[in-house]
Amino acid sequence: MAEITVTANMREIEGGFQPTMPILSVRQVEKAFGGRDSITRALAGVSFDVAPGEFVAIMGPSGSGKTTLLNCVATIDKVTSGQILVDGHDITQMGRRQLAKFRRDELGFIFQDFNLLDTLTGFENIALGLTIKRVSPALIPRKVEDIAATLGVKDVLRKYPYQMSGGQKQRIAAARAMVSDPKLILADEPTGALDSRSSAVMLEMLEVLNENLGATIMMVTHDSFAASFSNRVLFLRDGLVFNEIRRGTMSREQFFARIMEVIGFLGGEAEHAA
Amino acid sequence: MLLKLAVRNIRRSVRDYLIYFVTLLFGVALFYTFNSIESQQVLFDMEETASANVFEVTQYVMNMFSGVIACVLGFLVLYSNRFLIRRRKREFGTYEVLGMMPSQVARIMLYETLIVGVASLVLGLLLGVLLSQGLSFVTGAMFGTTIKNYQFVFSSEAFMLTLICFVIIFAVLAVFNTVSVGRYRLITLLQAESQNEKAPVRNQWACLVVFIVSIAVLAFAYQQLIESGMVMLDDPRFLRATVAMLVGSLLFFWSLAGFVIALLTRLRGVYLRGLRPFTVRQIASKVNTAFVSLWAVCVLLFFSITTFSVGMGLVEVFVGDAQKANPYSATASSNIWSVDLQKGKASRAMELDERAQTLKEMQPALYEDGVAHDWSMAQKLQQAAPELWEQTIGSYGQVNNYEVPGLSMGSIVDRVDDPEWQKSIRENDTIAVAIEQNVQVISLEEFNTAREMQGQQPVAIGADECALVNNMAITQSLTEGVARSGAVLNVSGADLTVRPEIYDTQLYDSAMLSTAFVIVVPDEVVANMKAAGAIPNTSSLNMMYADNGLTDAENDVQLARIVAAAQPVGSGATGDRSAAADIRYGSTYWPVNSVYTAHEMITQSFGLRMMITYLALYIGLVFLLSTAAILAVQQMSETVDSQNRYRMLWRLGCDARMINRSLLAQVLVYFLAPLGLAVCHSACAIWVLSNVMFDAWGVPVLAPILMASVFTSVIYGAYLLITYFASRSVLKPILRSA
Ligand SMILES: Nc1ncnc2c1ncn2[C@@H]1O[C@H](COP(=O)(O)OP(=O)(O)OP(=O)(O)O)[C@@H](O)[C@H]1O
Ligand SMILES: [Mg+2]
């Protein structure tokens, strides 16, 4: 099983990426929740790098710290210790206003829970991603309609979230994350509420963003099919990066099979442990 | 243990308690202040009962209103308290999860209520005591005096009343809290923070239509109001205006948000900037759910602004000129040609001796008496009590009004060559009543005596001239027109040219400036009229008290004794009048049937002014306080309920500044929308009233309007800022990173 455990220093030899400076570098990040009596170590020293233009999927059992990791990168949560470098800047040391600006200008999010503002229509929810960046109002309707068309939610733009299906909400949220062409897109279960067809559309969309627009994507998912769209899959368990596999030159189907294989192995091991 | 927890809770959520605390504080302070007015009288020279009465009556009226005010304040306290419970449902839930009994949780709440209540009661009473000191200086200013022997005033009655009233309110509150906290199910307590019910979204087209309809209805209301002139409150147009205003305002708030959204979403250049879409939607959803409260607030504000401004304006109408209207120490008047005698007689005399003949027939004794004294009231009074007269009266002068047969006001108006002016005079309802009456003249000599008594320069007119005297706003335009025209008036055979000047001399003491179009003629003209058998229609004996070391009030008593000596009750000699039975002396047609003294009139007007002013202040301030507190509580609840939305914005990269600006915009719009509409309504009502009433009485309404706006800005401003800062602090933990 040696070939499955790929360490960071082997990456340059094996991977198809240029040895450029990583856009995202997570170093020894720990995150503990709770007070004096009961401490949960959600992250127990996670380290990895993401190169510019990479599409990384993060998998792992429920409670393994995936959302926590994503939130730390998104600067929504503060790390307990360790560093997170984005473009060489340590975001764990930034001031509040700098962080807000960073999120606004560099990041696009798709959250696992409450994604949309319930008082705003679909159009306004998507447009908000642009207005808070002070994009010229004249450009906004066009951009919003284009992205909504791509994600197949053009006909719900006038609806309010409570009038939308779960999948439509998810896609509107994705549209908002993508509409401002962010450097780094963070997605927590973006296909969680979608049927297979919509999932495929969403994932292809992410793939297009990644390949054509050079967006770096970090996506948390339970779904091996979704993970197979990525370049690399990180496996998290008990707050640690447990394993990592790369797509390299594999086709998507081959990569999918590979992921399934690893999951099977992890599942088996888990059973052994239990 | 529970007490400690309560103290800690209050300290932790000081800002949440702020609105509740401030409302209670102001409420207690106002309540004490306006119930302590009576105790102010120790500051003023109150050696006689008339002025002490002023304070008693004012206090009585204040106490009557205090019942209503107490209910309003009680409601407010319960209302703000509801917000506190709502905000802390989750916390209570946690306590119960930790194993506390619901009764213990209710006890914590009770302690908290008590601590905050006692604190605000104590501080409020302190503030009230301070305020009432300030108010006594206002009273002094109204009185036209300064306080010489200032002393600290504390009213134990007001103190007790305030204490009792608020203890009752707290008791009700405690019961209410215990019941409501005990009644919550644990699960609802814990779920309190999960999203609120979905905001109603209204059809844009419906909103557009309803909005236009509401504007039309309001325009109709304004038009009806302007037409009705607000003279008669049972005018159907006034009723229609009221109903239309209420309905129009309700429709306005129902459709406002929808309309604004329909408009803004089409103006994308304005709408799609920064957090604007969020801010606008946030306000819209709040306005849509709370449109009934906004409506009620608007109506209350309208009433309080209007009653305040109009009330203060009315004070000016009634008492504004009290000093100017009472230039003499006292005036004794005699309606020789009185209402009783007019029964069945022509209202216009056609012959010079017509009045004399009637009087001779009906009251021969009186007629003889009058002729014997040549109608000199002073002579008659002086004879009756020569020593008292000598001691009391320093100087005097009588003004006799003679009716000019055949010379009516209308006929003079016809003689003026100015059709537009004539039309405006004819259309004036107040003047129309008197326009066919004969005019009255006084002699130049008497006029100049009256002027001298009040320090005015004497007037000279030629033998074939006459001059006009007027100081009433209602008849000002009439007088000006006649004076301008230089018309020639035939006064009992003498052709007199009207001089262009108008004199504003007050010819007798009265409640208000009351010289209405009086003509001053040369002495010979009057002498000729008398020679032809004319008697005065009315006479006024103006007196200035001698410098005898007595106070005005004491001199008033002396004067009353002089008058009583001249016409003792039941003397019958000069004919008793049943209508005057309640007057201190047996009043007759002559020599005296009423006495006005400057001291009495000014004291009365002061009392009226104090009562109306304080009532307007009390009610106006409490209403303002209530509406501001209601808006503040609603806006705070909205922020608390929207925490998840702000968390979302924060995640998307909105920093504290953007969010705070949105918050400020929301608070501003929410406070200013009902105020704006109320100000429009009030402006219309005040404009109508000032056109119809205040202009007629020559009273400027600017001062009360300014005062109303100062109070509104201060109270509203205070609540607006508190709401803004408290809302900010609600969001602070969210913006400080999760
Ligand atoms: N705010 C919090 N306070 C305390 N513990 C937390 C908090 N958020 C997460 N945790 C704990 O941290 C651990 C990791 O949670 P996380 O949400 O990252 O899991 P996840 O991998 O996203 O799971 P899932 O796949 O179910 O979404 C869990 O044990 C969770 O209970
Ligand atoms: Mg998760």
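Here is how names work: the chains are called A, B, and so on, in the same order as the sequence lines, proteins then strands, and each is numbered from 1.
Between chain B and the residues A:Asn71, A:Leu107, A:Leu120, the largest count of heavy-atom pairs under 4.5 Å involves A:Leu120.
Annotation for A:Thr121 and A:Leu157: closest pair CB-O, 3.6 Å, computed over non-hydrogen atoms.
Take B:Ile212 and apply the side-chain contact (heavy atoms from CB on, under 4.5 Å) test, not counting sequence neighbours, and it matches no residue.
Taking 4.5 Å as the heavy-atom cut-off, the residues of residues 125-134 of chain A that approach chain B are A:Ala127, A:Leu128, A:Thr131, A:Ile132, A:Arg134, ordered by number.
Only the side chain of B:Arg657 comes within contact range of chain A, with heavy atoms under 4.5 Å apart. Only the side chain of B:Tyr271 has a heavy atom closer than 4.5 Å to any heavy atom of chain A.
In this structure, B:Arg728 contributes its side chain and B:Asn660 its backbone to no donor-acceptor pair below 3.5 Å. Without hydrogens or angle criteria, A:Asp87 side chain to A:His89 main chain gives no donor-acceptor distance under 3.5 Å.
Aromatic ring centres of B:Phe252 and B:Phe259 lie farther apart than the 6.0 Å criterion allows.
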Side-chain donor-acceptor pairs of residues 99-106 of chain A under 3.5 Å, sequence neighbours excluded:
unit_1: A:Lys101; atom_1: NZ; unit_2: A:Asp105; atom_2: OD2; d: 2.7
unit_1: A:Arg103; atom_1: NE; unit_2: B:Trp650; atom_2: O; d: 3.1
unit_1: A:Arg103; atom_1: NE; unit_2: B:Arg651; atom_2: O; d: 3.3
unit_1: A:Arg103; atom_1: NH1; unit_2: A:Thr75; atom_2: O; d: 3.3
unit_1: A:Arg103; atom_1: NH1; unit_2: A:Thr75; atom_2: OG1; d: 3.0
unit_1: A:Arg103; atom_1: NH2; unit_2: B:Trp650; atom_2: O; d: 2.9
unit_1: A:Arg104; atom_1: NH1; unit_2: B:Gly653; atom_2: O; d: 3.0
unit_1: A:Glu106; atom_1: OE1; unit_2: A:Lys183; atom_2: NZ; d: 2.8

Which atom pairs, one a donor and one an acceptor, fall under 3.5 Å between side chains of residues 171-181 of chain A and the rest of the protein, sequence neighbours left out?
unit_1: A:Arg171; atom_1: NH1; unit_2: A:Leu151; atom_2: O; d: 3.3
unit_1: A:Arg176; atom_1: NH1; unit_2: A:Asn115; atom_2: O; d: 3.0
unit_1: A:Arg176; atom_1: NH2; unit_2: A:Asn115; atom_2: O; d: 2.8

